Amino acid sequence: MSTLEVTTVADGVHVAFGPDVNWTLLVDGEDVTLVDSGYPRYVGAVVESLRRVGRRPEDVRAILLTHAHIDHIGGAGHFASTYGTPVLTSDAEARHARREYLEQASPLDVARNVWRRGALAWTVRIARAGGTESGAVADAEGFDSVVGSVPGGPLDLPGGPVPLDTSGHTSGHTGYHVPGAGAVLSGDALVTGHALSVRTGPQMLPPLFAHDRPREFDALDAFVGLDADVLIPGHGGVHRGSVDDAVRRVRSARA
Ligand SMILES: [Zn+2]
């Protein structure tokens with residue numbers, strides 16, 4: 001891990017940019033909700049991102065996953081086994097996190113895409129980051145049973161994130177709205193860049209990463225009509241401006 005950037009985008013909302021994936025720290029008093037956790041070998045960077053906002057791994061009340069792909073779940077097992085940190089996501093995605101099933105691009109899928117600009121360097125980087133490891137988190141649980149709340153309401157976690165069902169990228173993919181900060185954490189359901197993309201700005205990931213491409217587009221509905229003007233994606237930079245407009249742009253680019 002050579003580069004790490006941590007940026008405060010709203011009060012209590014800090015985004016960490018690893019070289020190839022982002023994670024977010026929702027800080028409330030001493031407590032932190034960590035949304036996603038990078039690749040397996042980003043653990044040191046995740047700990048460093050906590051240090052930069054004046055917190056320690058022990059301050060993390062839960063790791064909340066957008067989804068269980070290896071670039072988002074990678075550090076979670078370490079936190080769970082070392083600090084007893086709960087690892088939470090939707091019920092469907094918790095099964096994915098426990099590796100009861102796997103919806104991840106295979107090395108062959110990736111090999112078929114090496115024609116994409118930057119793909120070879122990217123595959124070398126992600127292999128070094130532990131991208132071929134399992135990442136299974138045996139104790140991952142659905143947030144409903146642990147910090148259950150009224151449907152559509154906030155989870156009882158620092159930052160009060162509200163889950164957004166955005167299944168499609170994976171069967172249980174979940175985004176999070178942070179109403180107090182006007183922020184949407186879109187995970188991989190809507191991104192603003194990727195090593196395999198030549199563009200920046202709101203966009204979908206390349207199709208090879210999607211479990212169900214049509215559903216991935218349908219899921220964008222979950223981001224529409226929220227009180228939010230900061231989009232924090234799993235890959236790419238923070239996008240400021242109307243999230244509704246960002247969704248419209250992505251949909252019209254597909255048409
Ligand atoms: Zn990802």
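These figures come from a predicted structure and were not determined experimentally. Heads up: numbering here begins at 1 and tracks the sequence. We count ligands from 1, going down the list as the structure has it; atoms in each ligand are counted the same way.
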* Walk me through it: do Thr170 and His211 pass the test side-chain hydrogen bond (donor to acceptor under 3.5 Å, both in side chains)? => CA-CA 5 Å; Thr170 59; His211 173 64; over 6 Å; no
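- The two residues Glu93 and Gly172 come nearest to each other via the heavy atoms OE1-N, 2.9 Å.
- Separating the CG atom in Leu220 from the CE atom in Met204 is a distance of 4.5 Å, to the nearest 0.5 Å.
- Distances shorter than 2.8 Å separate the Zn ion (ligand 1) from the protein N/O/S atoms Asp71 OD2, His72 NE2, Asp188 OD2, His235 NE2.
- Residue His72 is tested with His235, His169, His96 for a ring pair (Phe, Tyr, Trp, His ring centres under 6.0 Å); the sole match is His235.
- Applying the salt bridge (Lys or Arg N to Asp or Glu O under 4.0 Å) rule to Arg128 yields no partners; only residues at least two apart in sequence or on another chain are considered.
- Using a cutoff of 4.0 Å between basic side-chain nitrogens and carboxylate oxygens, Arg248 and Asp245 are scored as salt-bridged.
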